[in-house]
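Please read the structure below before turning to the comments.
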Amino acid sequence: NAGVMQNPRHLVRRRGQEARLRCSPMKGHSHVYWYRQLPEEGLKFMVYLQKENIIDESGMPKERFSAEFPKEGPSILRIQQVVRGDSAAYFCASSPILGDTQYFGPGTRLTVL
Amino acid sequence: KNQVEQSPQSLIILEGKNCTLQCNYTVSPFSNLRWYKQDTGRGPVSLTIMTFSENTKSNGRYTATLDADTKQSSLHITASQLSDSASYICVVTTNTGNQFYFGTGTSLTVIP
């Protein structure tokens, strides 16, 4: 059973471009969580999704950021018109049921030039 | 305000020594508390999970304790190894299940 997979592992964008981060949860997991980790800081919750539904997006900036978890395919975190402050590591985690242990992916490191 | 605070912020110990990391929380209503280990450049990996009724739980050389009355948890690492060098993160979940509060972590460095 493969773990949580994220791609790309590293992403470089220029200011104003769009960034798309993908997360494939562990097999059998229908709950996906996205976190952002700024350099030298702890993980910050962004959004929690269950298949085709956003359950809690209280940690996600209101503008430029969006997330989806379609019926088929990976979860996508989309950042439009990136700015330098968006540079961070973005981690995805999945769990089989709500409140259960979350299994984290290796992260996507976004660098905005 | 729901918060999770960890101490110390960073710690350096000699290989083979023991150490204890602290986590204090004000999260309510409490469901469970997890300790994660995050190696540099990697995603966090779960070490232990503790519910309200559990006082202590071990996973190899890692032993976690929980005092739900004082809202404190500790992670004790015995006979440290170089591979224990990592950030250790305390995470508290509310009983609604979808509210996770992360501490900022303790950075542990084990030196030979």
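Convention: sequence-line order gives letters A, B, ...; per-chain numbering from 1.
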- Return the minimal non-hydrogen interatomic distance between B:Pro44 and A:Phe91, and the atom names on each side. CD-CD2, 4.4 Å
- Should A:Gln102 and B:Phe100 count as side-chain neighbours, where that means a heavy-atom distance under 4.5 Å? yes
- Among the clusters formed by ILVMFWY side chains lying less than 4.5 Å apart, do A:Ile79 and A:Phe45 turn up in the same one? no
- B:Gln38 versus chain A, heavy atoms under 4.5 Å apart: side chain, backbone, both or neither? side chain
- Query: Are A:Met46 and B:Val91 co-members of a hydrophobic cluster defined by side-chain heavy atoms under 4.5 Å apart?
  - Reply: no
- Do A:Val112 and A:Leu77 share a hydrophobic cluster (ILVMFWY, side-chain heavy atoms under 4.5 Å, transitive)? yes
- Interface moiety of A:Tyr103 toward chain B, non-hydrogen atoms closer than 4.5 Å: neither
- Message: Heavy-atom count check: over 12 atoms from other residues, nucleotides or ligands less than 6.0 Å from A:Leu38 CG?
- Response: yes
- Output the option from B:Gly105, B:Gly41, B:Ser46 having the highest count of non-hydrogen pairs under 4.5 Å with chain A. B:Gly41
- Against chain A, label B:Arg42 side chain, backbone, both or neither, depending on which of its atoms sit under 4.5 Å from a heavy atom there. backbone
- Which atoms of B:Tyr36 come close to chain A, meaning under 4.5 Å heavy atom to heavy atom: side chain ones, backbone ones, both, or neither? side chain
- Query: Does B:Leu108 belong to the same Ile/Leu/Val/Met/Phe/Trp/Tyr cluster as B:Ile89, with side-chain heavy atoms less than 4.5 Å apart forming each link?
  - Reply: no
- Using non-hydrogen atoms only, which part of A:Gln37 is less than 4.5 Å away from chain B: side chain, backbone, both, or neither? side chain
- Query: Would you find more than 12 non-hydrogen atoms of other residues, nucleotides or ligands less than 6.0 Å from A:Gln81 atom CD?
  - Reply: no
